[in-house]
Amino acid sequence: MRDWLFRTVGEHQAAMRANEYSSEDLTRAFLRRIEEKNQEIGAYLTVDAEGALCAARASDARRAKGELLSELDGIPYAAKDNFSTKGIRTTCASKLLEHFVPPYDATVIQILKDAGAVLLGKLNMDEFAMGSSNESSAFYPTRNPYDPSRVAGGSSGGSAAAVSAGMACFALGSDTGGSVRQPASFCGVVGLKPTYGVISRYGLISLASSMDAVGLLTHTAEDCRLLLSLLAKRDERDDTSISLSPLPIPKGNLRVGLLEGEGLASPAQREALERAKERLAALGATVLPFTLPSPHKALAAYSVLMSSEASSNLARFDGIRYGSRVDHSDGVLNLYTDTRGELLGKETVRRILFGSYVLQAEHRADFYERARVFRQEIRDRMLASFAEFDVILSPTTPTTAFSVGEIRTPTQMYHADLCTVYANLAGLPAISLPFGTEEGSGLPLSIQLTAAPHGESVLFSVASLLECPQSAAWEVRV
Ligand code: GLN
């Protein structure tokens, strides 16, 4: 049996049922682990030890009476710091929100509270979820538990690292262009981005509302399935929220589209993909090549749309309506510009400026309109492909985790999203699975599966054929 801090939800429930340990014991163990490791890994921005212990004791009391609220009752988890948590600081890893304490819980946080799950704290991220490495956190970067000289990925880097390093049983993240799947890939954990709208975004601080999705980071696809069954609920407080209507699991031979194209994966990631392909073929799947129209154009379209929406969503953080403000400005205009200029990071400012530029009336046809049309083409193309395939198999990320400080230009950084943005542009569910480690570096390799809208069940069933949980491998190296 794996060390207890690396166990799945089901394993913890079985152990607690057998009175091996209580939720309080488990919560204390996670808190100790956080205390030991956070200095090095930088996964947490805020730890709520008192709140967590109080929730754990309440869960133990319910267990003693046989009144458990759900399969998550007593399970310690953590949330990316862009989910509103009542009474707990929510910073989006930005100086501008450094002291913001929300007066309400995001719907997902509320559902987990009602289910008895134990919130340990809030996790580091790229500022306002813009980035692929957590290096744009205003506080400190998150480091990769497999090799602390490497990044954990981003923007949900804290979420991936916390699960990978045994600092939480599972974590919530957000995925607008790959921010759950890419760090999951770098840290050797499972990352799910569900169909757009099936998990409520109410209380998730928006980046690009038409693509943002609440995502899940876990040790296994089974844990994702369990969490999704609880969290996928229509929510009246989110106008884009829809009910999940699960697609049937394909009968007969599985039809797999293998994404092909130049420069999509390093030799090591390609080798993982080959192994996955062979495993599926050996199980009787038909694997056929699948190509997408211009991945680089998709990345550009994503960049235009995401920055446009972000510039408008972030306009409220001006030091007057929301956020801290600098205290040395004279006049309202200076107050705005000084606050935003001094308290927002470089990448955030870059995207706000780019977004504002492309949204100007005279540029509309050149940028926003073209990106929107291309997005529709991608969506049509992907949806049509699901007549032919049950799932698409692809790399999650072109490479394994890169070194802290290695990537110097924004465009190089955007390249990390090459294989993930499709799912967001088209609103599709996609999952990243750990798939062995790279020879020599020992860094996690991964693969990604993408399905038609509402095809999470298909993803989970294919994942169960492929899965090789990995955090245990790292545990040996602790
Ligand atoms: N890495 C991507 C970006 O920087 C994805 C962000 C996200 O999914 N939140 O835009």
Side-chain angles (χ1 to χ4, degrees), residues 2-16 23 26-27 29-31 33-34 41 43-44 47-48 52 55-56 59 69-81 83 85 106 108-125 142 145 152 156-175 179-181 183-185 187-194 199 204 213-232 431-434 456 459-460 463 467 469-472 474-475:
R2 277 177 279 169
D3 181 285
W4 65 327
L5 294 183
F6 296 86
R7 287 183 189 169
T8 64
V9 172
E11 288 168 346
H12 283 308
Q13 286 299 1
M16 290 196 278
S23 171
L26 184 60
T27 302
F30 276 119
L31 291 171
R33 176 81 172 167
I34 296 166
I41 304 293
Y44 280 79
V47 179
D48 180 21
S59 167
L69 298 169
S70 76
E71 285 174 88
L72 290 167
D73 206 333
I75 304 291
Y77 81 101
K80 186 173 179 177
D81 211 16
F83 288 93
T85 41
V108 278
I109 300 285
Q110 186 63 52
I111 295 177
L112 288 167
K113 212 177 244 182
D114 293 343
V118 173
L119 179 64
L120 294 164
K122 305 296 294 294
L123 299 165
N124 205 357
M125 55 188 280
T142 305
S156 311
S159 308
V163 176
S164 170
M167 299 158 95
C169 176
F170 68 88
L172 296 178
S174 64
D175 190 316
S179 276
V180 160
R181 290 161 287 153
S185 157
C187 293
V189 298
V190 175
L192 173 75
K193 174 230 170 279
I199 301 185
L204 168 67
V214 173
L216 310 171
L217 296 108
T218 59
H219 289 296
T220 58
E222 171 56 22
D223 275 1
C224 276
R225 190 198 58 74
L226 186 74
L227 279 164
L228 187 74
S229 66
L230 189 83
L231 297 175
I431 194 166
S432 178
L433 299 173
E456 282 81 353
L459 295 181
F460 298 144
E467 210 162 28
Q470 209 153 31
S471 306
W474 177 72
E475 181 205 342

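None of the values given here were measured: they were computed from a predicted structure. Starting from 1, each residue takes its place in the sequence as its number.
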Residues forming a side chain to side chain contact (heavy atoms under 4.5 Å, CB included) with [X], sequence neighbours excluded:
| X | value |
| --- | --- |
| Val190 | Thr218, Cys224, Ile431, Leu433, Pro434, Glu467 |
| Ala29 | Trp4, Leu5, Arg32 |
| Ala55 | Val118 |
| Ala78 | Tyr44, Leu123, Ala168 |

Kindly give the heavy-atom pair with the smallest separation between [X] and [Y], and that separation in Å.
| X | Y | value |
| --- | --- | --- |
| Ala463 | Ala221 | CB-CB, 3.7 Å |
| Ala213 | Pro194 | CB-O, 4.3 Å |
| Gly173 | Ser159 | CA-OG, 4.1 Å |
| Ser174 | Leu204 | CB-CD1, 3.9 Å |

>> Can you list everything that forms a salt bridge (charged side-chain N to carboxylate O under 4.0 Å, His left out) with Glu222? Sequence neighbours excluded, please.
In response: Arg225
> In chain order, what residues pass the salt bridge (charged side-chain N to carboxylate O under 4.0 Å, His left out) check against Asp48, with sequence neighbours excluded?
Replying inline: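 With sequence neighbours excluded, Asp48 shows a salt bridge (charged side-chain N to carboxylate O under 4.0 Å, His left out) to no residue whatsoever.
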Are [X] and [Y] packed together at the side-chain level, in the sense that at least one heavy-atom pair is separated by less than 4.5 angstrom?
| X | Y | value |
| --- | --- | --- |
| Leu217 | Val180 | yes |
| Asp114 | Leu69 | no |
| Lys80 | Leu172 | no |
| Cys169 | His12 | yes |
| Tyr77 | Leu112 | yes |
| Val47 | Leu31 | yes |
| Pro76 | Leu26 | yes |
| Ser156 | Met125 | no |

>> I'd like to check the ring-ring contact (aromatic ring centres under 6.0 Å, His included) partners of Phe460; sequence neighbours left out, ordered by chain and number.
In response: none
> Are Met16 and Ile75 close enough, and set up right, to give a side-chain contact (heavy atoms from CB on, under 4.5 Å), and what steps lead you there?
Replying inline: CA-CA 10 Å; Met16 290 196 278; Ile75 304 291; 3.9 Å; yes
> Is there any salt bridge (Lys or Arg N to Asp or Glu O under 4.0 Å) pair reaching into residues 156-166, and which pairs are they, with sequence neighbours excluded?
Replying inline: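 Applying salt bridge (Lys or Arg N to Asp or Glu O under 4.0 Å) to every pair that reaches into residues 156-166, excluding sequence neighbours, yields nothing.
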> Do any pairs count as a salt bridge (Lys or Arg N to Asp or Glu O under 4.0 Å) and have a residue in residues 157-167, sequence neighbours left out, and if so which ones?
Replying inline: none
> side-chain contact (heavy atoms from CB on, under 4.5 Å) with Leu216: which of Asp223, Val108, Leu227?
Replying inline: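 That would be Leu227.
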> Considering residues, nucleotides and ligands other than Gln110, do more than 12 of their heavy atoms fall under 6.0 Å from its CD?
Replying inline: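 Atom CD in Gln110 is packed in, count exceeds 12.
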Non-neighbouring partners of [X] that pass side-chain hydrogen bond (donor to acceptor under 3.5 Å, both in side chains), sequence neighbours left out:
| X | answer |
| --- | --- |
| Ser59 | Asp73 |
| Gln13 | Arg63 |
| Ser185 | Thr397, Ser446 |

> Rounded to the nearest 0.5 Å, how far does CD1 of Ile41 lie from OG of Ser164?
Replying inline: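 Output value for this atom pair is 8.0 Å.
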> From Ile109 CD1 over to Leu119 CG, what is the distance, rounded to the nearest 0.5 angstrom?
Replying inline: 5.5 Å
> For the residue pair Phe6 and His219, does the interplanar ring angle fall in the parallel (under 30°), tilted (30 to 60°) or perpendicular (over 60°) class?
Replying inline: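 It falls in the tilted class, 30° to 60°.
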>> With a 4.0 Å cut-off on N to O distance, would you call Asp175 and Lys193 a salt bridge?
In response: no
